[in-house]
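The sequence lines fix the lettering, A, B, ..., with proteins before strands; numbering per chain opens at 1. For the numbers below, each heavy atom of this structure counts, side chains included, while hydrogens, waters and symmetry mates do not.
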Number of protein chains: 4
Amino acid sequence: MSKGDALRDRTAAAIVDSAAASLAERGRIVSMNEVARAAGVSRATLYRYFPNREALLRAMATTGVEELAARVADADLQGLPVDQAIARLVRGFIAVGSKYVALSAGQASTDDHPDVDALLTEPVRDLFRRGIADGVLRPGLAPELLTELLSGLVKAALGMVADGQLGAEEAAAGVVAVFLDGARAGTRSPEPARSSRAR
Amino acid sequence: MSKGDALRDRTAAAIVDSAAASLAERGRIVSMNEVARAAGVSRATLYRYFPNREALLRAMATTGVEELAARVADADLQGLPVDQAIARLVRGFIAVGSKYVALSAGQASTDDHPDVDALLTEPVRDLFRRGIADGVLRPGLAPELLTELLSGLVKAALGMVADGQLGAEEAAAGVVAVFLDGARAGTRSPEPARSSRAR
Amino acid sequence: MSKGDALRDRTAAAIVDSAAASLAERGRIVSMNEVARAAGVSRATLYRYFPNREALLRAMATTGVEELAARVADADLQGLPVDQAIARLVRGFIAVGSKYVALSAGQASTDDHPDVDALLTEPVRDLFRRGIADGVLRPGLAPELLTELLSGLVKAALGMVADGQLGAEEAAAGVVAVFLDGARAGTRSPEPARSSRAR
Amino acid sequence: MSKGDALRDRTAAAIVDSAAASLAERGRIVSMNEVARAAGVSRATLYRYFPNREALLRAMATTGVEELAARVADADLQGLPVDQAIARLVRGFIAVGSKYVALSAGQASTDDHPDVDALLTEPVRDLFRRGIADGVLRPGLAPELLTELLSGLVKAALGMVADGQLGAEEAAAGVVAVFLDGARAGTRSPEPARSSRAR
DNA sequence: TTATAAGCGAGACGGTACGTCGAGTCTTCTT
DNA sequence: AAGAAGACTCGACGTACCGTCTCGCTTATAA
């Protein structure tokens with residue numbers, strides 16, 4: 001039975017990947033028919049795996065979240081200084097972006113997802129809490145707000161990457177630079193030298 | 001003829017407003033039938049004004065953009081210090097947000113809009129150019145990147161406002177604080193006192 | 001007032017004529033818009049004269065009927081032998097045919113038309129009754145049946161005339177020949193010489 | 001595959017039958033929605049079988065023609081004396097009439113139908129040619145004209161049958177009587193005794 | 001090795017929304 | 001003050017997509 005399940009999972013994953021690719025490539029308008037065809041599978045099978053469009057989107061979201069969560073877990077955020085942890089996090093977000101961008105466009109509601117909270121939002125929030133407690137981040141901004149704002153920065157950067165206006169590395173660097181130190185000129189900017197090669 | 005046109009414009013504006021309200025209230029799924037009914041008009045008339053759904057969304061986008069552009073023009077961005085201009089800009093964005101949020105959710109493509117570029121993006125980019133030239137903003141970040149990142153921050157903040165997690169003022173203050181000075185604690189903390197007094 | 005009425009009548013007649021022409025020329029599918037345009041009048045005016053499409057068709061029918069009725073009245077059917085009266089009648093029908101064909105195609109219901117009955121059907125039926133009474137027509141066929149059958153023959157002949165397969169004279173002669181004497185060869189062949197000289 | 005096709009054909013036939021019934025019962029104005037409902041099928045399915053209204057009408061025409069053609073083929077026209085063959089033909093036409101009447105009202109164009117020519121018009125024309133050659137029909141009337149005139153008679157009779165003014169048998173008898181021997185009183189009318197019971 | 005179960009492709013079906021178009025009503029402006 | 005211009009509602013038409021279903025077929029597991 002484990003074998004059947006494995007096959008099932010692999011098929012589902014293939015469908016999700018293919019759908020993510022189709023959805024990233026073409027502009028948000030992808031019919032279930034096209035998704036099925038692109039995945040090399042019949043429409044009936046597609047519906048067997050995902051009972052409706054929303055479920056497919058949700059699965060894509062979950063996949064992206066899990067992929068991201070794996071990176072987050074690997075990243076040993078607790079073991080790093082907060083600023084470096086954030087940088088690593090952002091790089092991870094943007095690397096996984098190709099899937100994340102489809103969702104960030106509002107296709108999937110990301111509501112009703114315990115995963116996304118448990119796996120992503122919470123660790124990030126913890127990171128921010130730690131940063132504030134450590135005195136690395138300033139105390140005036142709520143962790144929840146910081147989480148959302150960072151997410152917004154990442155989405156914007158992903159949009160530019162998807163449009164080919166920016167490489168993933170530059171995008172990540174820009175996000176980190178702005179998020180940590182802001183756009184204002186000042187004394188504490190050795191980092192920007194690393195992050196300013198926007199075409 | 002001016003009268004007929006005026007009536008026409010008013011009707012169109014009423015439809016756009018009603019559609020924006022419907023679309024903000026209900027989650028992204030609003031049929032043309034409902035839009036028409038909510039606007040107190042028949043479906044045929046709706047289609048007389050906007051040949052298809054996309055045109056309606058585009059009109060909503062344009063309306064939002066123009067409203068925003070009016071604010072931007074009023075704001076006398078050139079006459080202010082760059083940081084204050086940015087703060088004013090962000091407050092304007094968030095104030096108009098209720099319309100902007102529907103569009104930012106990805107409903108309208110915002111592509112093929114000369115308006116949005118001419119009226120919004122360009123002034124903002126100019127502002128950033130001026131800031132870099134003045135030495136107020138650091139030179140390492142391209143104006144295009146800053147524009148997108150600021151837009152991302154605003155969208156994120158708008159999402160929180162729409163969810164009721166945050167007031168418009170706090171949201172604007174948070175966006176400005178992070179965008180200008182970043183989340184990192186540091187020597188520049190006296191300045192945020194001007195702009196980031198979240199509740 | 002007689003002047004206004006005269007104008008009114010003339011306009012109505014012009015619309016009817018134009019509509020008949022449009023309807024004869026193009027195949028049965030003529031929108032009220034096209035009718036109005038062809039008549040050189042606005043759609044509103046068209047509707048002022050004829051409250052709906054059916055009224056227009058009915059007016060066309062009535063016009064044709066009146067034209068026909070005028071011929072019928074002129075033809076002095078009572079003063080002629082029945083067979084000659086029938087021949088004259090058929091020629092009249094076919095001569096007026098261009099209008100009659102549009103109606104015979106089923107556009108107008110011809111129901112609820114007192115005119116058509118009073119002006120056409122009744123005289124024809126009377127003619128048949130006289131023929132039966134005179135012994136010119138055989139008694140076994142009801143006048144109503146004969147009326148319908150003759151109408152059917154005329155419509156068929158009109159169709160061929162409209163298609164250019166037949167001239168009006170030959171068509172009329174054929175209808176009269178078949179209606180009076182049938183298609184069977186027989187002893188009455190000398191008579192057809194008078195009425196059935198098809199090309 | 002034969003099974004699927006058979007099912008398909010049966011469904012199509014059911015739709016055609018139902019549509020013919022609806023169209024015969026109600027006066028020419030039957031929406032596709034009603035057709036679908038009457039056929040116990042959804043509108044989408046109706047359109048799946050017949051891409052548009054005209055195709056449905058055409059299918060009804062073809063069905064009627066084929067049904068008629070089957071009768072014609074069964075009737076062994078060649079093996080009968082021409083007058084008896086004509087009588088049989090007319091009875092066949094009128095029997096099938098309920099479908100034929102909808103089409104004869106001008107709903108379907110009957111153009112672009114090779115079938116109708118090959119299956120119906122041609123045999124009838126052949127019959128007339130044989131009749132003329134045999135001396136049973138008189139030579140002065142072209143077969144094409146006779147074909148059309150007979151068709152006109154049949155349509156007229158069908159109209160009366162549909163209106164309930166006449167039974168099918170009487171109608172057929174009247175048509176045959178008039179078509180073969182005309183309405184004129186004369187020596188050769190033993191038949192009318194059989195055919196004159198118009199109400 | 002065969003039977004049985006499960007997944008799969010194919011595709012019909014109902015439902016719903018979209019965008020188009022014609023019919024008929026009504027208001028407003030003009031002459 | 002009547003008629004022209006034209007906006008509006010209603011509803012049908014034809015198209016497309018979604019989600020459900022059944023039907024055979026194949027394949028892999030089980031006896």
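Between V16(B) and Y49(B) there is no side-chain heavy-atom pair separated by less than 4.5 Å.
S31(C) comes within 4.0 angstrom of the backbone, heavy atoms only, and of no base.
In this model, the phosphate group of dG14(E) is approached by a side-chain N or O of T45(D) to a distance below 4.0 Å at OP1 or OP2. In this model, the phosphate group of dC8(F) is approached by a side-chain N or O of Y49(B) to a distance below 4.0 Å at OP1 or OP2.
Protein atom CG of N52(D) is 12 Å distant from nucleotide atom C1' of dT15(F), rounded to whole Å. Look at CZ on R48(C): it is 5 Å from C1' on dG3(F), rounded to the nearest Å. Remark: C1' of dA12(F) and CD of E54(D) are 17 Å apart, rounded to the nearest angstrom. For R53(A) and dA17(E), the CZ to C1' distance is 14 Å, given to the nearest whole Å. Distance L57(C) CG to dA23(E) P: 11 Å, rounded to the nearest Å. Rounding to whole angstrom units, CG of residue L46(D) and P of dA12(F) are separated by 14 Å. Summarising the geometry, the separation between CG on N33(D) and C1' on dG14(F) is reported as 12 Å, rounded to the nearest angstrom. Residue I15(B) contributes atom CD1, which lies 11 Å from atom C1' of dC8(F) at whole-angstrom precision.
Heavy atoms only, all atoms of each residue included: L46(B) and I15(B) are closest at CD1-CG2, 3.7 Å. Across every non-hydrogen atom of F50(C) and A12(C), the tightest pair is CZ-O, 4.1 Å. In this structure, V30(C) and S22(C) approach most closely via the heavy-atom pair CG2-O, 4.0 Å.
A donor-acceptor contact under 3.5 Å is formed by the side chain of R43(D) with the base of dG14(F).
Both V41(D) and M32(B) lie near DNA chain E, and the one whose nearest nucleotide falls closer to the 5' end is V41(D). For the pair Y47(B) and S42(D), nearest-nucleotide mapping onto DNA chain E gives the more 5' position to S42(D).
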